[in-house]
Amino acid sequence: PDRHYPMEALGQGSFRYTFLKPQTSLTFQALADGASSALGTLAVVPAPALGNMVLRYVFPDYTGLPSRTQEGGGDIQALPGTQVALQMRANVPLTRGLLRFATGQEIPLAITGEALQGEILVLQEGTYTIEVEDTHGLRNQQPPRYSVHIVPDLLPKITIRQPQDGLEVDAGTTLHL
């Protein structure tokens, strides 16, 4: 069914009507004093959103720790020097993506259609957001904020098993452990 809405006169033959939160795409036409405009189309498209986040941790070589994968969220907890690879998917094709840290640092993300990826070298604690822009120029208006926490690197523990306690040697003796 046709609906009629009053338009705001802006002067010099210009008029305006603002569609408030349309839920579906529609066609429209302006009518005034027997004159009519060409048909226009308003396409409702989803705002960009991210999901399916996967973080892959590659710990510093000296730790001997195997790499680890974390799914579901973007909060990072790692030893200093850990390389974290981020992968995620958007609900729409994207043209731009970046990690924005509270310090002001920005890291561009590689984009392939709806897939994004990037890397973080964990050196300090802080927070970051993932900002994206789709092919319509729409941005994720309130990107979630994620935290980066440093896990303290503990001092190594050494246990000497041989020789047994109580062995007495003089100062010039070399012991093989």
Which other residues end up in the same hydrophobic cluster as [X], if Ile, Leu, Val, Met, Phe, Trp and Tyr are linked when side-chain heavy atoms come under 4.5 Å apart?
X	answer
Leu138	Val45
Val54	none
Leu42	Tyr5, Met7, Phe15, Tyr17, Phe19, Leu26, Phe28
Leu123	Leu121

- Message: Check whether Asn91 reaches the backbone of Ala49 with its side chain - one donor and one acceptor, N or O, closer than 3.5 Å.
- Response: yes
- Message: Please check this pair: side chain of Glu125 against backbone of Ile150, looking for a donor-acceptor N/O pair closer than 3.5 Å.
- Response: yes
Is there any salt bridge (Lys or Arg N to Asp or Glu O under 4.0 Å) pair reaching into [range], and which pairs are they, with sequence neighbours excluded?
range	value
residues 13-42	Glu8-Arg16
residues 129-140	Arg96-Glu133, Arg100-Glu131, Glu133-Arg139
residues 143-157	none

- Task: Report whether Leu98 and Leu55 are members of the same hydrophobic cluster (ILVMFWY, side-chain heavy atoms less than 4.5 Å apart, transitive linking).
- Result: no
- Message: I'd like to know if Val122 and Val58 are part of one continuous hydrophobic network [Ile/Leu/Val/Met/Phe/Trp/Tyr, side-chain heavy atoms within less than 4.5 Å].
- Response: no
Can I get a per-line list of side-chain donor-acceptor pairs under 3.5 Å for residues 69-78, giving both atom names and the distance, sequence neighbours left out?
residue, atom, partner, partner atom, Å
Gln70, OE1, Tyr57, OH, 2.8
Gln70, NE2, Asp75, O, 3.0
Asp75, OD1, Ser147, N, 2.8
Asp75, OD1, Ser147, OG, 3.2

What is the distance from atom [atom1] of [X] to atom [atom2] of [Y], rounded to the nearest 0.5 Å?
X	Y	atom1	atom2	answer
Met88	Leu116	CE	CG	5.5 Å
Leu109	Gln87	CG	CD	11.5 Å
Leu99	Glu119	CG	CD	10.5 Å

- Heavy atoms, side chains only, cut-off 4.5 Å: are Pro143 and Ile130 in contact? no
- Apply side-chain contact (heavy atoms from CB on, under 4.5 Å) to the pair Thr135 and Leu94, showing each step before the final yes or no. CA-CA 6 Å; Thr135 56; Leu94 301 173; over 6 Å; no
Taking side chain to side chain donor-acceptor pair (under 3.5 Å) as the definition, give me every residue that meets it alongside [X], ordered by chain and number, with sequence neighbours left out.
X	answer
Ser67	Arg56
Thr173	Asp170
Thr63	none

For [X] against [Y], the heavy-atom pair lying closest together:
X	Y	value
Pro60	Pro80	CG-O, 3.5 Å
Arg89	Ala115	NH1-CB, 3.4 Å
Val92	Pro46	CG1-CG, 3.8 Å
Leu86	Val84	CD1-O, 3.7 Å

- Task: If a pair satisfies ring-ring contact (aromatic ring centres under 6.0 Å, His included) and one of its residues is in residues 67-113, list it, with sequence neighbours excluded.
- Result: Phe101-Tyr128
